[in-house]
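In what follows, a structure is listed as structure tokens, so that the remarks can point back to it.
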Amino acid sequence: MLTLYGKDYSSRLLLGTAQYPSPTIMAEAVAAAGPAMVTVSLRRETAGGKTGGEFWSLINGLGVDVLPNTAGCHTAKEAVTTAQMAREIFATNRIKLEVIGNPDTLQPDVFGLVEAAEILAADGFEVFPYTTEDLVVAERLLDAGCRVLMPWCAPIGSARGPLSIDALRSLRGYFPDTPLIVDAGIGRPSHAAIVMELGFDAVLLNTAVAKAGDPVKMAAAFADAVRAGHSAFEAGMLEPRDMAVPSTPVFGKAVFS
Amino acid sequence: MQVFIRGAGVAGLTLAHELTVRGASVTVADIRTAIAGNASWLAGGMLAPWCERESAEEAVLTLGRAAADWWDGALPGHVVRNGTLMVAPARDAAELSRFAARTGGFQWLEGTQVAELEPDLAGRFRQALFFAGEAHLDPRVALLALYDRLEAAGVRFASGRQAADVLERDGNWDIVADCTGMASRQAGLRGVRGEMLILHAPDVTLSRPVRLLHPRFPVYVVPRADHHFMVGATMIESEDRGPVTARSMMELLNAAYSLHPAFGEARIVETGVGIRPAYADNLPRMRRDGRRLTINGLYRHGFLLAPAMARQAAATILRDRLEVLHETHR
């Protein structure tokens, strides 16, 4: 069971709601994935604040916990304002905190991120910070009051999959008790399975499903991959060996040359 | 057959045309006093069913294929059949393959072929997709021409909310058609904000819409008369009608600039914000309930899909009429 800020979830997949061909297909993809939460972008999807009415009621009607995000915010101040707006609109203290440092790679500005996390945590928010795989930043985020960490595995929307397995592995090793969710960079189900096999608690994705040829089918494929990767992690996998090891003992065979 | 149509955007005017050529007597009323200002006024005017198919249902292609012929028939000389060119910045070249995998009706072009089609883009793109069967028109010129044509054919026009209400109440209408888009406040209809710019770039000449693929904001540049270009359009889940945001403007301008640096010297002649009416599946609907009929949800496909919707609507209206005639003569 995945526990995030005291609430239990049976799914280990978090799904974004942007970029689908239509809201109907988005809703079908969500139904196929059965995610723990859906993320919704407040800033990008709403030019004028509280005016996304119909789209937001569609999101609220999905019957899944909503995790609003601060996508597109470039400063701590912007992110804090957006989070406060999100709390009002979606009646939740959860916030996926994004503070973008580089407009091209959409790399998080980790300094602004820590600053905003402190403010929001003190204000009673349950902060889900989108961060890099940097260990020290992760520690600062935990000091700031975050109880979940969401490192990227590759730049947002790049579909490149886990680029730095060792860094992800060491993050997992350092924070055995903190829920770690890989956010951003996942392109295909095998990527999701890999990070789940590393022992990550969940995966958050959007583009890989929304921009697939058949988003609904892809949503189901990701749900399967996340389950498979997590079960494999729990089951305990073989470590790679340098030499072949036969599955049938050779000792005692009639002919042994 | 007396038909009252509310809404003088592309849905209302195409329906008026379909009904008029079938012999119905049509009155069109719009709450606006000028034809400008509705969502259709801000359209790109691309008749690009294959490009749209990449992110839209098959129905958009099926219903939209005949659009260029329809407009050509209704308004001869207004449709430019030069196709659509789809390019991507070098670092996003993979986006072209992704796009190509999701639709049809195109051919791959090399850089030299791009230069033959659009000399101003020579040397700027190594690869492109060319959708030869697509077309475009200037939506404003087309709406005004259609208006004139309808007026000449005897269609009566009224403007202002009060006039529309009085007409609807007092007229002896066989059919009342609601083509008012967002103003219909229909359940299940949502607004999708679109922002666009009109640029005047005397140094740039393009003969066809050029779409620039980019993983974060696909954008199109549609040539209009006298080196004017419509650059659009954002897609934001919001019904906010406020002015274009700095972010959207920057993104649109960046895209135009990366298409051709001479857009850096362009004048920004106009910025526009409109709200596209859309149902949850982003497909249009024609509904008939007794003498009331609605066409709505044209989303980003007004000029592409309005003709097919108008045809369907006119067919249901006049089929009924025929059935009634048969009954009375029996």
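Any value given below was found using the heavy atoms of this structure, including those in side chains, with hydrogens, waters and symmetry copies removed. Below, read A as the first sequence line, B as the second, and so on, with proteins coming before strands; counting in each chain starts at 1.
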### Query
chain A heavy atoms under 4.5 Å from B:Arg98: which part of the residue, side chain, backbone, both or neither?
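For B:Arg98, the contact with chain A is made by the side chain alone.
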### Task
Please look at B:Leu189 and chain A and tell me whether the side chain, the backbone, both or neither of the residue comes under 4.5 angstrom of a heavy atom of that chain.
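Just its backbone gets close to chain A.
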Working to the nearest 0.5 Å, report the span between [atom1] of [X] and [atom2] of [Y].
| X | Y | atom1 | atom2 | value |
| --- | --- | --- | --- | --- |
| A:Gln19 | B:Ser55 | CD | OG | 11.0 Å |
| B:Glu54 | A:Lys211 | CD | NZ | 5.5 Å |
| B:Tyr279 | A:Ser22 | OH | OG | 14.5 Å |
| B:Asn282 | A:Thr24 | CG | OG1 | 7.0 Å |

### Query
Looking only at atom types and distance, does a side-chain atom of B:Arg247 sit under 3.5 Å from a main-chain N or O of A:Gly72, one as donor and one as acceptor?
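Here the side-chain-to-backbone pair exists.
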Can you confirm whether [X] is buried at [atom1], in the sense that more than 12 heavy atoms of other residues, nucleotides or ligands lie under 6.0 Å from that atom?
| X | atom1 | result |
| --- | --- | --- |
| A:Phe111 | CZ | no |
| B:Arg126 | CZ | no |
| A:Arg188 | CZ | no |

### Task
Verify side-chain contact (heavy atoms from CB on, under 4.5 Å) between A:Ile25 and B:Glu57, making sure each step is shown before the conclusion.
CA-CA 10 Å; A:Ile25 292 175; B:Glu57 307 265 349; 3.4 Å; yes
### Message
When you compare the side chain of A:Leu58 with that of B:Arg190, does any pair of heavy atoms fall below 4.5 Å?
### Response
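A side-chain contact exists here, since the closest heavy-atom pair is under 4.5 Å.
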### Task
State, to 0.1 Å, how close A:Gly213 and B:Arg102 come at their nearest heavy-atom pair, and which atoms those are.
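Shortest heavy-atom contact: N-NH2, 3.3 Å.
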#### Entry: Contact class of A:Ala210 relative to chain B, heavy atoms under 4.5 angstrom
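Neither; nothing under 4.5 Å.
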